[in-house]
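Below, each value reflects all heavy atoms present in this structure, side chains not excepted, and no hydrogens, waters or symmetry copies.
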Amino acid sequence: MTRHARNCTAGAVYTYHEKQKDTKAGGYGTIKKRLGKDSIQDFDCCSLTLQPCRDPVITPEGYLFDKEAILEFIIHQKVKNAQLMKEYEKQKKKEKEELAEIAAAEQRTKAELFAKNQRITSASSSSTSESTQVVQKSTAPGSSISNMAGPSAGKLPSFWVPSLTPQSKESKMEKPSKVVRCPMSGKPLKAKDLLPVKFTEIKDPDDKKSLITRENRYKCAVTHDALGNSVPCAVLKPNGVVVTMECVEKIIKKDMLDPFSGQKLKESDIIPMQRGGTGYAATNNALDAKVERAVIQA
């Protein structure tokens with residue numbers, strides 16, 4: 001029987017806890033950890049800076065960004081795409097020059113072989129037919145084993161010379177895309193697609209804390225329910241106000257009218273917001289963080 005103590009070392013089984021502890025301390029093996037609520041951004045935070053948005057905008061897919069951060073990202077991606085396009089054009093120009101050099105070298109080789117055959121033919125016209133065949137056979141391209149004849153003429157015979165050693169070719173660059181994509185969804189994104197978002201602040205005269213430090217900062221513009229990571233929300237496209245999905249299902253979708261302007265709404269005018277972090281697998285996806293390290297095989 002083993003001792004039921006904290007530092008028990010007499011166990012006959014290599015437990016899962018001991019294995020994870022040794023993996024973490026040993027510097028090898030994959031480490032996995034479940035993300036909690038504090039490790040995931042809030043619903044009103046920018047998806048790039050992970051800080052509360054000062055000037056919030058939302059994409060058609062429902063990802064919230066700070067306007068300054070997402071515009072800087074779009075400009076950076078455009079500059080990067082332009083640089084990649086210049087490198088690609090430079091690569092294409094270099095390939096054309098190499099093809100032109102190869103074609104010119106082939107033309108020179110053909111001209112040299114033609115001139116050499118002409119000299120041999122004129123020199124052998126006065127000799128016997130047997131000697132002519134021997135000369136032509138010995139001077140035909142590819143008949144000599146010397147590396148100073150034929151296509152290898154002009155190259156040094158020393159294979160260890162650095163200029164003659166084979167070199168690995170550079171990997172070819174694929175044609176870059178000029179489209180700027182959303183850092184979260186990966187779909188094409190333009191600045192004109194960003195919709196301004198208007199949060200309705202909870203004003204409590206007894207709460208003297210700043211807006212960022214409050215636990216409940218915003219509320220639904222229609223029902224005045226407090227918004228949080230566990231409350232599904234949506235943005236109305238005509239005016240950018242934030243409401244709960246419960247309000248959308250029970251109130252707005254009955255008549256499909258904007259509760260503020262009274263204009264007719266479409267399904268595309270209701271943008272569901274991506275939910276914040278709650279730490280529950282039923283709410284959030286990909287809650288497992290994984291770090292891959294070297295593995296020692298037996």
Side-chain angles (χ1 to χ4, degrees), residues 30-31 33 35 38-102 167-199 210-212 217-218 227 229 233-242 266 268-277 284-293:
T30 301
I31 299 179
K33 187 176 181 180
L35 299 178
D38 297 336
S39 301
I40 309 175
Q41 70 178 38
D42 290 334
F43 77 102
D44 59 340
C45 290
C46 174
S47 299
L48 287 175
T49 62
L50 305 182
Q51 299 297 324
C53 297
R54 293 179 295 178
D55 190 4
V57 292
I58 195 169
T59 64
E61 290 77 30
Y63 290 97
L64 193 71
F65 295 97
D66 197 345
K67 188 175 182 179
E68 181 181 356
I70 190 61
L71 290 181
E72 287 182 358
F73 173 82
I74 292 175
I75 293 173
H76 174 73
Q77 288 298 316
K78 287 184 176 180
V79 173
K80 184 178 179 181
N81 291 343
Q83 293 176 350
L84 294 176
M85 185 60 67
K86 287 183 179 179
E87 294 179 3
Y88 177 76
E89 292 176 355
K90 188 184 295 184
Q91 173 184 292
K92 297 295 290 184
K93 183 178 179 181
K94 185 177 179 181
E95 290 179 356
K96 289 182 179 180
E97 292 176 353
E98 290 178 353
L99 291 176
E101 290 179 359
I102 292 173
Q167 298 179 356
S168 61
K169 295 183 179 180
E170 297 181 358
S171 58
K172 289 188 177 182
M173 179 181 177
E174 299 293 336
K175 186 175 181 180
S177 175
K178 296 182 180 180
V179 178
V180 177
R181 298 187 177 275
C182 176
M184 302 301 296
S185 64
K187 295 184 178 181
L189 179 65
K190 296 181 180 179
K192 65 180 182 180
D193 296 333
L194 300 174
L195 176 68
V197 176
K198 299 177 184 177
F199 285 104
S210 62
L211 181 64
I212 297 178
R217 295 190 283 265
Y218 302 111
L227 304 181
N229 292 346
C233 302
V235 176
L236 301 182
K237 198 172 183 180
N239 45 34
V241 296
V242 180
K266 304 176 184 177
S268 58
D269 292 334
I270 301 173
I271 304 176
M273 293 181 61
Q274 298 296 325
R275 301 185 66 176
N284 301 112
N285 298 324
L287 291 178
D288 293 332
K290 183 167 64 173
V291 177
E292 298 179 354
R293 300 187 297 179

Between the main-chain N or O of L236 and the side-chain N or O of D269, is there a donor-acceptor pair closer than 3.5 Å?
no
Of all pairs that satisfy side-chain hydrogen bond (donor to acceptor under 3.5 Å, both in side chains), the ones with a partner from residues 182-191, not counting sequence neighbours
none
For the CD atom of E97 and the NZ atom of K93, what is their distance to the nearest 0.5 Å?
6.0 Å
Of all residues at least two apart in sequence or in a different chain, which pass the side chain to side chain contact (heavy atoms under 4.5 Å, CB included) check with K92?
Y88, E95
Distance (rounded to the nearest 0.5 Å) between T30 OG1 and R293 CZ:
8.0 Å
State the CE-NZ distance between M85 and K178, to the nearest 0.5 angstrom.
5.0 Å
Hey, can you pull the donor-acceptor pairs under 3.5 Å for the side chains in residues 61-70, sequence neighbours left out?
residue : atom : partner : partner atom : Å
D66     : OD1  : D55     : N            : 3.4
E68     : OE1  : R54     : NH2          : 3.1

Taking it one step at a time, do Y218 and V242 satisfy side-chain contact (heavy atoms from CB on, under 4.5 Å)?
CA-CA 9 Å; Y218 302 111; V242 180; over 6 Å; no
Nearest 0.5 Å, please: how far is NZ in K96 from NZ in K94?
15.5 Å
Could you note down all residue pairs passing salt bridge (Lys or Arg N to Asp or Glu O under 4.0 Å) where residues 71-86 supplies at least one of them, sequence neighbours left out?
none
Among residues two or more places apart or on two chains, list those pairs meeting salt bridge (Lys or Arg N to Asp or Glu O under 4.0 Å) that have a residue in residues 43-52.
D44-R217
Rounded to the nearest 0.5 Å, the OG atom of S47 sits from the CZ atom of F73 at a distance of 11.5 Å
Heavy-atom check, side chain of C45 versus side chain of Q51, under 4.5 Å
no
Residue set satisfying side chain to side chain contact (heavy atoms under 4.5 Å, CB included) with P196, at least two apart, ordered chain then number -> none
Determine whether more than 12 heavy atoms belonging to other residues, nucleotides or ligands lie under 6.0 Å from atom CD of E174.
no
